[in-house]
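Residue numbers run from 1 in the order of the sequence given.
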Amino acid sequence: GAEGSTLMSYFSKNQIQALKPKITFSTLRDLQCPVLQSNDLQGKPEESCSTEELFEWLGAVLNQVSLDNKSSSFLSTYCCPEPNTVVEKAFLCTITGFIIPEKIIQLLEQLCCYFSEPKLAYWLTLTVHGFADSPVSWRESEHGFHKGGENLYNFVIFRNLDYWLQMAVGAHDDCPP
């Protein structure tokens with residue numbers, strides 16, 4: 001009805017301002033990072049970390065949890081999985097807003113270009129979060145908020161352009177095929 005067309009015209013006029021993503025950059029210094037091998041998802045003792053260990057570590061880094069396992073910390077005694085290496089500088093870019101899939105593909109392509117320059121990184125990650133209380137999820141199902149509202153996927157891209165794709169959804173949600 002009339003209400004629908006009014007809403008459509010409002011969004012078509014205002015969506016560019018309303019949906020403009022917020023971008024923040026930060027530099028993490030002397031960051032302990034897990035050692036990864038692109039062809040070894042399970043990890044090997046003293047050689048590389050597993051996909052699960054990486055995912056847990058990434059959650060700690062993105063939430064700015066200390067990785068030094070201090071017993072005096074009431075927040076976390078988490079420490080970086082073994083084996084690990086200290087990276088002098090790691091760059092963290094966060095983009096917050098409504099981001100369409102085509103833009104995510106563009107971001108992935110730009111990140112892959114990073115390896116064509118003489119850079120030192122062995123791998124990099126791109127994590128895409130849905131809103132915890134989003135009404136939709138993958139496939140035909142509604143998104144079940146329940147406890148945590150998990151709704152994200154993570155690309156780990158390696159220098160040889162191999163990649164891992166990790167997904168996390170709530171217990172009541174469908175996973176993509």
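- Inter-residue side-chain proximity for Ile95 and Leu107 is flagged as met; some heavy-atom pair is nearer than 4.5 Å.
- Note that NE2 of His129 is 10.0 Å distant from OG1 of Thr96, once rounded to the nearest 0.5 Å.
- Leu41 meets the side chain to side chain contact (heavy atoms under 4.5 Å, CB included) test with Thr51, Trp164; sequence neighbours excluded.
- Annotation: side chain to side chain donor-acceptor pair (under 3.5 Å) contacts of Thr127 (sequence neighbours excluded): Asn154.
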Side-chain polar contacts of residues 80-90 - donor-acceptor pairs under 3.5 angstrom, sequence neighbours left out - could you list them?
| from | atom 1 | to | atom 2 | distance (Å) |
| --- | --- | --- | --- | --- |
| Asn84 | ND2 | Pro81 | O | 3.1 |

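- Residue pairs meeting the salt bridge (charged side-chain N to carboxylate O under 4.0 Å, His left out) criterion with at least one member in residues 21-35: none, sequence neighbours excluded.
- Contact record, Ser48 with Gln37: CB-CG, 3.6 Å, taken as the closest heavy-atom pair.
- Remark: Leu108 engages Leu126, Phe155, Ile157 in a side chain to side chain contact (heavy atoms under 4.5 Å, CB included) (not counting sequence neighbours).
- Hydrophobic clustering (side-chain heavy atoms under 4.5 Å, transitive across Ile, Leu, Val, Met, Phe, Trp, Tyr) keeps Val35 apart from Phe115.
- In the hydrophobic cluster analysis, where Ile, Leu, Val, Met, Phe, Trp and Tyr join through side-chain heavy atoms closer than 4.5 angstrom, Tyr163 is grouped together with Leu161.
- Not counting sequence neighbours, the partners of Ile105 by the side chain to side chain contact (heavy atoms under 4.5 Å, CB included) test are Glu109.
- Note: Glu56 CD to Glu53 CD = 8.0 Å, rounded to the nearest 0.5 Å.
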Given side-chain contact (heavy atoms from CB on, under 4.5 Å), test Leu92 with Ser26 step by step and report yes or no.
CA-CA 5 Å; Leu92 178 61; Ser26 56; 3.6 Å; yes

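- Minimum heavy-atom separation, Tyr153 to Met167: CB-CG, 4.1 Å.
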Verdict with reasoning, Ile104 to Ile99, per side-chain contact (heavy atoms from CB on, under 4.5 Å):
CA-CA 7 Å; Ile104 294 167; Ile99 302 160; 3.9 Å; yes

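- For the pair Trp123 (side chain) and Ser38 (backbone), a donor-acceptor distance under 3.5 Å is absent.
- The list of salt bridge (charged side-chain N to carboxylate O under 4.0 Å, His left out) pairs with a residue in residues 35-50, not counting sequence neighbours, reads Asp40-Lys44.
- If you chain together hydrophobic residues whose side chains sit under 4.5 Å apart, Phe91 and Leu31 never meet in one group.
- Of all the heavy atoms in Ile23 and Phe25, the pair that sits closest is CG2-CE1, 3.7 Å.
- A heavy-atom distance below 4.5 Å is not found between the side chains of Tyr122 and Leu36.
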